[in-house]
Amino acid sequence: MNAKYVRERITRLRLQKGVSEYKMSYDLGHSRGYVNNISSGKTLPSMTEFFAICEYFGVTPVEFFSEELQTPALIKETQEALARLNPEDLALILATARRLGRG
């Protein structure tokens with residue numbers, strides 16, 4: 001992993017969230033070009049800002065760097081919803097996921 005991965009991951013998560021670079025910069029309390037400067041490779045976020053970016057996307061730093069997780073926020077939300085299901089419904093969801101995974 002390198003700086004390019006960080007830039008591309010931020011861009012991918014931002015697009016999944018459906019926000020512009022400007023809006024994300026504003027939401028994080030920065031000038032309008034802050035996220036653009038990261039995306040274009042002019043700068044990288046500090047550690048403090050990296051944690052704020054993870055919080056903004058609703059992911060942990062581990063999830064941010066996990067290459068297997070393409071949609072970490074969606075997976076986390078799904079896990080939270082699954083945790084509220086009764087065992088029978090959870091078994092049905094698991095059977096469906098296994099079936100879909102074979103296709």
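Excluded from the calculations below are hydrogen atoms, water molecules and symmetry mates; all remaining heavy atoms, backbone and side chain alike, are included.
Hydrophobic clustering of Ile, Leu, Val, Met, Phe, Trp and Tyr side chains at less than 4.5 Å, counting indirect connections, keeps Ile10 apart from Val62. When the side chains of ILVMFWY residues are joined at heavy-atom separations under 4.5 Å, either directly or via intervening members, Ile53 and Phe51 end up in a single hydrophobic cluster. Grouping the Ile, Leu, Val, Met, Phe, Trp and Tyr side chains by contacts below 4.5 angstrom, directly or via other members, places Leu100 apart from Leu92. Hydrophobic clustering, with ILVMFWY side chains joined whenever heavy atoms are under 4.5 angstrom apart, keeps Tyr22 apart from Leu15. Follow the hydrophobic side-chain contacts under 4.5 Å out from Leu13 and you reach Leu44 in the same cluster.
Listed for the Lys17 side chain is a donor-acceptor partner under 3.5 Å among the backbone atoms of Tyr56. Remark: side-chain polar atoms of Ser25 are not paired, donor with acceptor, to backbone N or O of Gly33 under 3.5 angstrom. Within the 3.5 Å criterion, the main-chain N or O of Thr60 finds a donor-acceptor partner in the side chain of Glu63.
By the neighbour-count criterion of 12 heavy atoms within 6.0 Å, atom CZ of Arg12 is densely surrounded, having more than that number from other residues, nucleotides or ligands. In this structure, Tyr26 places its OH atom where only 12 or fewer heavy-atom neighbours from other residues, nucleotides or ligands lie under 6.0 Å away. More than 12 heavy-atom neighbours from other residues, nucleotides or ligands sit within 6.0 angstrom of CD on Gln16.
Applying the side chain to side chain contact (heavy atoms under 4.5 Å, CB included) test between Tyr34 and each of Met24, Glu21, Glu49 identifies Glu49 as the sole match.
Closest non-hydrogen pair, Arg84 versus Glu80, comes out as NH1-O, 3.2 Å. Minimum heavy-atom separation, Arg7 to Ile38: CD-O, 2.7 Å.
Residues Phe57 and Arg14 meet the side-chain proximity criterion, which asks for heavy atoms closer than 4.5 Å. In this structure, the side chains of Leu82 and Leu85 come closer than 4.5 Å at one or more pairs of heavy atoms.
Taking the six-membered ring where tryptophan is involved, the planes of Tyr5 and Phe64 are perpendicular, since the angle between them exceeds 60° and thus also 30°.
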